[in-house]
Number of protein chains: 2
Amino acid sequence: MSLKYAVLAALLEGEASGYELAKVFDVSLANFWPATPQQLYRELERLAQDGLIEARVVQQERRPNKRMFTLTEAGRRDLDTFAAEPPRRPTAIRDELLIKIQAMDGTDPAVTRELIEERRSWSRGKLDRYERVRDRLLGGRTEEDYLRDADRIGPYLTLMAGITFEEENLRWCERVLAILKQRVALG
Amino acid sequence: MSLKYAVLAALLEGEASGYELAKVFDVSLANFWPATPQQLYRELERLAQDGLIEARVVQQERRPNKRMFTLTEAGRRDLDTFAAEPPRRPTAIRDELLIKIQAMDGTDPAVTRELIEERRSWSRGKLDRYERVRDRLLGGRTEEDYLRDADRIGPYLTLMAGITFEEENLRWCERVLAILKQRVALG
DNA sequence: CACACCTACTCAACTAATTGACTATGGGGT
DNA sequence: ACCCCATAGTCAATTAGTTGAGTAGGTGTG
């Protein structure tokens, strides 16, 4: 149900093909609503049938043709209605690593430490990429100026959520590593 | 695939019925691997068939009978193996509210503010509940003592992850509310 | 100049997750 | 007396999400 609105929200950035959307999703929407390309193609089909988006085929010379999608007025209205309603379901996190941590006490601490270190360096990489997205969004302005003047601040606020989430993640990793070190030193 | 190990990890706490597991899941495992009761019953069936858990029927007097499940040695080994391998997929978050925030720029700021305030008070409630779980786990000991002496610290580390996550969430809400206030004051 | 990767998808099969109804008994409140 | 909630589940239907293969030309790399 929500994938529908995630796609409509992505199209607020302007016309896009399924392929382009898949990439946009991968770097931004995926942070709070992941979807595979196949899911997107199916959803786009449905949305076009329901008249919430419009498709036009763009002939290309040295590439396969593509279908570009735009929000219709109906789509925009539907999305605005959705955006004003309280969420139907709370945030859901699925994190395999935390299952492993929950069950870690039967495992060699050195192995667990490695898992946490991997997570930490992954989070660092993610934060770096977020920083670059942030710079692109701000386009030279200070955050203050941007938040005062920009037409759309939604994408920036969700980016902020992603950044604080990864920072938290990093702090948690550091904390766990310190605890594991202590335990190994004593145990 | 991971639900399997989430269930096995839950059974590290000891024997439980499907019904009890559903409740345990709701308050602890659900924080990083949500599952409905129906999912759990099916998974327990499969795990029992695969010999990773054992079921025994407990006759009850004034209640329906129940089946209690315990980890078998095979189950424990399987779980330990899982816990030592790097995760196959990265953390996935699904958060309807963030879709709404992404699309918020067509919405009355006062309505958006309410959504954020709801999230904030929900996070506060969650944090309170986490605090109580924490106190129960520590059982009077200081965190330091607990982390040094306890047999199993996995559940505590995942609880810590939940706590830092909600704290971060709260900070993000405050931040967004401040920004919205600014914007309304100016716009 | 071979080989892998990029664009831009489609199709089919499968597993996982959600929703709602149903069974049956007991206890507490109005 | 009636209704709802708690216990302890089962069953069936539907939707959502995953995986892997296939198509077909173009581009970049050693």
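Chain naming here is simple, since letters A, B, ... match the order of the sequence lines and numbering starts at 1 in each.
Hydrophobic cluster of A/M68: the remaining members, joined at side-chain heavy-atom separations below 4.5 Å, are A/V58, listed by chain and number.
Residues of residues 17-25 of chain B that place a heavy atom closer than 4.0 Å to DNA chain D, in numerical order, are B/S17, B/G18, B/Y19, B/K23. Within residues 34-44 of chain A, the residues that place at least one heavy atom under 4.0 Å from DNA chain C are, in residue-number order, A/Q38, A/Y41.
Comparing the local axis fitted to the first five base pairs of the helix from C/dC1-D/dG30 to C/dT30-D/dA1 with the one fitted to its last five gives a bend of 40°, rounded to 10°.
What separates CD of B/Q59 from P of C/dA24 is a distance of 17 Å, to the nearest Å. At whole-Å resolution of the value, NZ in B/K66 and C1' in C/dG26 are 15 Å apart.
Nearest heavy atoms, A/A83 versus B/T107: CB-OG1, 3.6 Å. In terms of heavy-atom proximity, B/G154 sits nearest to A/D105 at N-OD2, 2.9 Å. Taking every heavy atom of both residues into account, A/F69 and A/A55 meet most closely at CE2-CB, 3.6 Å. Shown here for A/V176 and B/L157, the closest heavy-atom pair between the two residues is CG1-CD1, 4.0 Å.
Residues B/R94 and B/N65 both approach DNA chain D. Their nearest nucleotides, taken by heavy-atom distance, put B/N65 toward the 5′ side. In this structure, A/E45 and A/R63 both approach DNA chain C, and ranking their closest nucleotides by distance from the 5' end singles out A/R63.
B/Y41 meets the side-chain hydrogen bond (donor to acceptor under 3.5 Å, both in side chains) test with no other residue; sequence neighbours excluded. Residues meeting the side-chain hydrogen bond (donor to acceptor under 3.5 Å, both in side chains) test with B/R67, sequence neighbours left out: B/E45. Take B/F82 and apply the ring pair (Phe, Tyr, Trp, His ring centres under 6.0 Å) test, not counting sequence neighbours, and it matches B/Y5. For A/E117, the side-chain hydrogen bond (donor to acceptor under 3.5 Å, both in side chains) partners two or more places apart in sequence, or in a different chain, are A/R113. With sequence neighbours left out, the ring pair (Phe, Tyr, Trp, His ring centres under 6.0 Å) criterion links B/Y130 to no other residue.
Residue pairs that meet the side-chain hydrogen bond (donor to acceptor under 3.5 Å, both in side chains) test with at least one member in residues 155-166 of chain A, sequence neighbours left out, are A/S123-A/E166, A/R134-A/Y156, A/E143-A/Y156, A/T158-B/Q102, A/T164-B/E168. For the side-chain hydrogen bond (donor to acceptor under 3.5 Å, both in side chains) condition, the pairs that include at least one residue of residues 81-92 of chain B, sequence neighbours left out, are A/D95-B/T91, A/R119-B/T91.
A side-chain donor-acceptor contact under 3.5 Å links B/T72 to the backbone of B/L52.
Between A/Q60 and the phosphate of C/dT7, there is no side-chain N or O to OP1/OP2 separation shorter than 4.0 Å.
Across all strands shown, B/R89 has heavy atoms under 4.0 Å from sugar-phosphate atoms exclusively, and none from any base.
When DNA chain D is scanned in the 5' to 3' direction for atoms under 4.0 Å from non-hydrogen atoms of chain A, the outermost contacting nucleotides are D/dA16 to D/dT27.
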